[in-house]
Peer 1: 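This is the structure, below, for whatever I ask next.
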Amino acid sequence: MGFRSEEEVSAPRGRVAPDDLPPSYFLSAGYDGKQEKAFLRLYEPESRQVYLWYDNTSHLSYAVSKETPEQLRGNRRLMDYPGFLTLERVEKFDAIADEPVMVTKVVATNPLAIGGGAGGGIRNIIGETWESRIRYYQNYIYDRGLIPGMPYRVEAGNLVPVEYELPEDIQAEMQEAFAKEDPEFRDNMMEWARLLQCPVPVMRRVAVDIEVYTSVANRLPNPDEAIEPITAVSFAASDGLRRVILLNETGEAAALPVIEGAEVAFYEDERSLLAEVFRVLDEYPVVLTFNGDNFDLRYLKNRAQNLAYSNDEIPITLGRRFAYLRNGLHIDLYRFFMNNAIRVYAFGNRYRENTLDAVSGGVTGRKKLEVGAINDLTFEELARYCLNDADITYGLTSFNDDLAMKLMVIMSRISKQTMEDLTRMGVSRWILALMEWEHRQRGWLIPNAQDILLAKGGTTTTAMIKGKKYKGAIVQDPKPGVHFGVTVLDFASLYPSAIRNWNLSYETLLCSHEDCKTNMVPGTSHWVCTHKRGMTSLIIGSLKDLRVLRYKPLAKDPSLTPEERTYYNVVQAALKVFLNASYGVFGAESFPLYCPPLAESTAAVGRYAMTRAIEESTRLGIDVLYGDTDSVFLAHPTQEQVDRLTAWTDRELGIDLDIDKEYRYAIFSKRKKNYLGVFADGSVDIKGLTGKKRHIPPLLSNAFMELTTILGGVETPGEMPEAKKEIQVLVESVYAKLKDRDFDLNEIAFRVMLGRKLSAYETNPQHVKAAKMLRDQGTPIDMGDIIRYVITKNGVKPVQMAANRDVDINKYVDHLESMFEQLLDALDMDFDTMVGRPKQTSLGKFFGA
DNA sequence: AGCTATGGCCGGGCAC
DNA sequence: GTGCCCGGCCAT
């Protein structure tokens, strides 16, 4: 820690907001080290520019201490910094003790003097503190109640919120819809709705992509050294700009490539090429990249420095992990789309790998151009390739009516983080930022992790899985076999509902009131407060109600325009991301509000709801085929039975049980989390079955897909025998293909991702073995790489090093068998019989030997 | 400096 | 051989 040089924080430049800036959206905040002032970036949709607005405050960084100012003044280290700190006595509310508390606010009058602004420096100096982990600009936002992504206006040099009020008809409609709600929840929901309904501006933006010459084939250029020249840069922007600039240093009379709908230009020296790049970057309020934090912007900055550009001339500032622009926002889409919560809950797992090609292909259907080695491309090929990358990068934000941009703005409003932070941080930081903001609004002390742990203790249940901290969800044993007419019901937002209905929050669990101690959470030895509404319960509960009662229905409302439905769909998706993460973070040690009893109680209420719903189903005479966490699979229930069950859960548990899907028929094996369901239209829903997994060789997974297609065609039990014949033919043909070695090596390659660096493996699994062979042969290998290998008689070989004759066919037949078996078992079919092998039982082996 | 959780299946590797 | 753990991938 200690002093941080001013050079590290480069002054922003660009347009300073006039004193009468019309309504503009607050997008980003920071600290200008040169002026020692806080600044906000405000996006003004009419001029389509970002303006800087300066605030005279410099009190951005502070901590709160239990010690009195007198005690703190006795701290020798503190007195080393007399000019930078002020001490102020303030009252806060200690939610854990449920009483007010006087504390000392230690303010760093120059945040840069204190550990780079993170506040860690203050903690180091004065010891035990609260609230010192907050990034300095967040203090600024929290203390003023500013909401990123919302409109503000500059009037006579002051920042004034533009109060967006819900239109009266919407207000009335919501008041009516939420009439049954507790008023505390209703008020909260109205405030959230105000943020969520406020129009999202269309943001002018440009995507940029660079190509670099590589002298060594297969080696990625090093952005920190930036030794090799930048050969092409492309832009694709929301205002229609599509431009490629190419480096043609030799000055040879090469023909300028012609690309329809795009400008192409040659630059004879790299320095002027860079000048042009910086000019374009400076023109846009938002710049998009795919991996610009680690590559494109880093390379541009360092390359420019190598070419003797001064820092002031380069509009890029590099942090240790991120790259920022001095005149706008840099959004690295790689980071945003790689965020697990975004991938799974916002984009339905439509991509699984961390490449532009995979993400773009999965989300928008647009792929990278297939080309050979970059160095060997003609100018035209290089230009088209590079431009396509910029095009599809921009496409990630423009598809579906700017869905991704809207998602970012809405989530930034919910989490109270700027878009730059939101897109770079994980879901636990989003929820933390939201919780911290709420604490400040209420004048609550933000507790340290130890404070919560000390007051609330650990867990009291025992996990099913060794090494886990507490018991999680229930998974019912499935009833194996083929079942026609299966209805799947699931609890809408089970865990958020549990948090809401049971008033779960770190301060309400195990509260200090004697009379609450009988109010037990089922299945635990924890009690919960009966006097006060918990903060987590209120926030998560309101968001959940808003999603279930308002935004999910609106997203499907046929009376709305497609644009309106799309918008509401974005809102409900954003809420879903927060809700789904809200339970898990409290069980994560890394989360600063870690509260084991809270996570444990949430899961316990979930088990309670699930168990009681299954009991009630049985009581109603419905056969429960399977259940997992929050869903029950029912064998041909009548409409009346379903109605009675859902009415029961609503009445008894206060949780909505909805019809999730209906299968014409479903196949269960004896394994949990493994089944196949066929919808009325013949489409197939596959869960957990090996044949669907990413690492399975295409030859096997394609065969599996064919199997499911055959099953998808079955409409009645009477058609099953015919399908079985088709399956017989399929199995024989795949078996023959293997036996005849009639395949390309890529078809039978397992594709497994390296979860860590090679050196970090303690064991030697197959994909690691193959990776090591590749490495020894000279291929660079890193975490996240997907290793393709085939199984050979002596172990494994990477595809690149194997030959067809090396392949151990029997191993592949075994894989084929185990994969098919999961479904064939339930169909009373036997793989060995089908391929004419003797049955591989231990008894058979014994007698056959 | 990466971090929401637990439950479950599968194959391979290793110790006994 | 059996049992256990690891690593990857998935369900919720």
Peer 1: Using the P atoms only, state how far C:dT12 lies from B:dC3, rounded to an integer number of Å.
Peer 2: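 My reading of the P atoms in B:dC3 and C:dT12 gives 25 Å.
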Peer 1: Out of C:dG8, C:dT12, B:dA5, which has the shortest distance to the side chain of A:His767?
Peer 2: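 Minimum distance to the A:His767 side chain belongs to C:dG8.
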Peer 1: Return the CG to CE distance between A:Asp814 and A:Met819, rounded to the nearest 0.5 Å.
Peer 2: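 Taking CG in A:Asp814 and CE in A:Met819, the distance rounds to 12.5 Å.
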Peer 1: Below 4.0 angstrom from OP1 or OP2 of B:dG2, is there any side-chain N or O of A:Arg756?
Peer 2: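 Checking B:dG2 against A:Arg756, no side-chain N or O comes under 4.0 Å of OP1 or OP2.
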Peer 1: At under 4.0 Å between heavy atoms, what does A:Gly584 touch on the DNA or RNA strands: base, sugar-phosphate, or nothing?
Peer 2: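 It contacts base atoms.
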Peer 1: Report yes if the side chains of A:Ile655 and A:Asp630 come closer than 4.5 Å at any heavy-atom pair, otherwise no.
Peer 2: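 Side chain of A:Ile655 against side chain of A:Asp630, heavy atoms only: no contact under 4.5 Å found.
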Peer 1: Which is true for A:Tyr675 with a 4.0 Å heavy-atom rule: it touches a base, it touches only sugar-phosphate, or it touches nothing?
Peer 2: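 Answer is sugar-phosphate: A:Tyr675 comes under 4.0 Å of backbone atoms only.
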Peer 1: Base, sugar-phosphate, or nothing for A:Gly426, non-hydrogen atoms under 4.0 angstrom?
Peer 2: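 A:Gly426: no heavy atom of the nucleic acid under 4.0 Å.
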Peer 1: With no hydrogens and no angle check, do the side chains of A:Thr355 and A:Glu353 hold a donor and an acceptor under 3.5 Å apart?
Peer 2: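 The criterion, which ignores hydrogens and geometry beyond distance, is not satisfied for A:Glu353 and A:Thr355.
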Peer 1: If you define the side chain from C-beta out and look only at heavy atoms, does anything of A:His330 sit under 4.5 Å from A:Asp293?
Peer 2: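 A:His330 reaches A:Asp293 side chain to side chain.
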Peer 1: With heavy atoms under 4.0 Å as the rule, sort A:Arg321 into base, sugar-phosphate or nothing.
Peer 2: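 Since only primed, P, OP1 and OP2 atoms lie under 4.0 Å of A:Arg321, the category is sugar-phosphate.
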Peer 1: Walk along nucleotides 11-16 of chain B from 5' to 3' and tag each nucleotide B, S or - by protein heavy-atom contact under 4.0 Å, base first, then sugar-phosphate.
Peer 2: SSS---
Peer 1: Could you tell me whether A:Phe591 contacts a base, only the sugar-phosphate backbone, or nothing, with contacts defined as non-hydrogen atoms closer than 4.0 Å?
Peer 2: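 Answer is nothing: A:Phe591 stays at 4.0 Å or more from every strand.
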Peer 1: With nearest nucleotides of DNA chain B determined for A:Asn580 and A:Ala473 from heavy-atom distances, which residue corresponds to the more 5′ nucleotide?
Peer 2: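 The residue closer to the strand's 5' end, by nearest nucleotide, is A:Asn580.
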Peer 1: Any base atoms under 4.0 Å from A:Arg607, or only sugar-phosphate, or nothing? Heavy atoms, all strands.
Peer 2: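 Nothing, no nucleic acid heavy atom in range.
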Peer 1: Is the phosphate of C:dC10 approached by A:Lys673 (side-chain N or O, under 4.0 Å from OP1 or OP2)?
Peer 2: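 For C:dC10, neither OP1 nor OP2 has a side-chain N or O of A:Lys673 closer than 4.0 Å.
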Peer 1: Examine the side chains of A:Gln822 and A:Thr690 and answer whether a donor and an acceptor come within less than 3.5 Å of each other.
Peer 2: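 Indeed, the side chains of A:Gln822 and A:Thr690 share at least one donor-acceptor pair under 3.5 Å.
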Peer 1: Heavy atoms only, 4.0 Å cut-off, all strands: where does A:Asp490 land among base, sugar-phosphate and nothing?
Peer 2: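 It contacts nothing in the nucleic acid.
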Peer 1: For the pair made of CZ in A:Arg429 and P in B:dC3, what is the distance, rounded to whole Å?
Peer 2: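 Answer to the nearest Å: 10 Å.
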Peer 1: Taking 4.0 angstrom as the limit, do A:Lys469 and A:Glu589 come out as a salt bridge?
Peer 2: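 Looking at A:Glu589 together with A:Lys469, the answer is yes, because their closest N to O distance falls below 4.0 Å.
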Peer 1: Look at the side chain of A:Lys456 and the backbone N and O of A:Tyr506, then say whether any donor-acceptor pair between them is shorter than 3.5 Å.
Peer 2: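 Side chain of A:Lys456 to backbone of A:Tyr506, a donor-acceptor pair under 3.5 Å: yes, one is there.
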Peer 1: From the set C:dT12, C:dC9, B:dA5, return the single nucleotide nearest to any side-chain atom of A:Asp630.
Peer 2: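 The answer is C:dT12, which lies nearest to the side chain.
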Peer 1: Show your working on side chain to side chain contact (heavy atoms under 4.5 Å, CB included) between A:Thr602 and A:Phe586 and close with a plain yes or no.
Peer 2: CA-CA 10 Å; A:Thr602 309; A:Phe586 290 103; over 6 Å; no
Peer 1: Given that A:Lys471 and A:Ala588 both sit by DNA chain B, which one's nearest nucleotide is further toward the 5' end?
Peer 2: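 Residue closer to the 5' terminus by nearest nucleotide: A:Ala588.
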Peer 1: Nearest 0.5 Å please: distance from the CD atom of A:Gln417 over to the CE atom of A:Met411.
Peer 2: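 Result: 10.0 Å between the selected atoms.
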Peer 1: Quick one: is B:dC10 close enough that its OP1 or OP2 comes under 4.0 Å of any side-chain N or O from A:Arg671?
Peer 2: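 Yes, because at least one side-chain N or O of A:Arg671 sits under 4.0 Å from OP1 or OP2 of B:dC10.
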Peer 1: How would you label the contact of A:Phe586 with the nucleic acid (heavy atoms, under 4.0 Å): base, sugar-phosphate, or nothing?
Peer 2: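 No contact.
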Peer 1: Examine C:dG8: is either OP1 or OP2 under 4.0 Å from a nitrogen or oxygen in the side chain of A:Tyr789? Give yes or no.
Peer 2: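 Result: no.
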Peer 1: Have A:Tyr663 and A:Lys661 got a donor and an acceptor in their side chains that come within less than 3.5 Å?
Peer 2: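 Yes, a side-chain donor-acceptor pair sits under 3.5 Å.
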Peer 1: When all nucleic acid strands are considered with a 4.0 Å heavy-atom cut-off, which category describes A:Glu589: base, sugar-phosphate, or nothing?
Peer 2: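 The answer is nothing, as A:Glu589 stays clear of every strand by at least 4.0 Å.
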Peer 1: Tell me which residues in residues 684-701 of chain A put a heavy atom below 4.0 Å from DNA chain C, sorted by number, or none.
Peer 2: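 Heavy-atom contacts with DNA chain C come from A:Ile686, A:Lys687, A:Gly688, A:Lys692, A:Lys693, A:Arg694, A:His695.
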Peer 1: Look at all strands and tell whether A:Ala599 reaches a base, only sugar-phosphate, or nothing, counting heavy atoms closer than 4.0 Å.
Peer 2: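 Since no nucleic acid heavy atom lies under 4.0 Å of A:Ala599, the category is nothing.
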Peer 1: Consider the side chain of A:Asn674, meaning its heavy atoms from C-beta on, and name the nucleotide among B:dC9, B:dA5, C:dT12 that approaches it most closely.
Peer 2: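 Nearest listed nucleotide: B:dC9.
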Peer 1: Establish, from distance only, whether the side-chain atoms of A:Asp477 and A:Tyr626 form a donor-acceptor pair under 3.5 Å.
Peer 2: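 Per modelled atom types, A:Asp477 and A:Tyr626 side chains form no pair under 3.5 Å.
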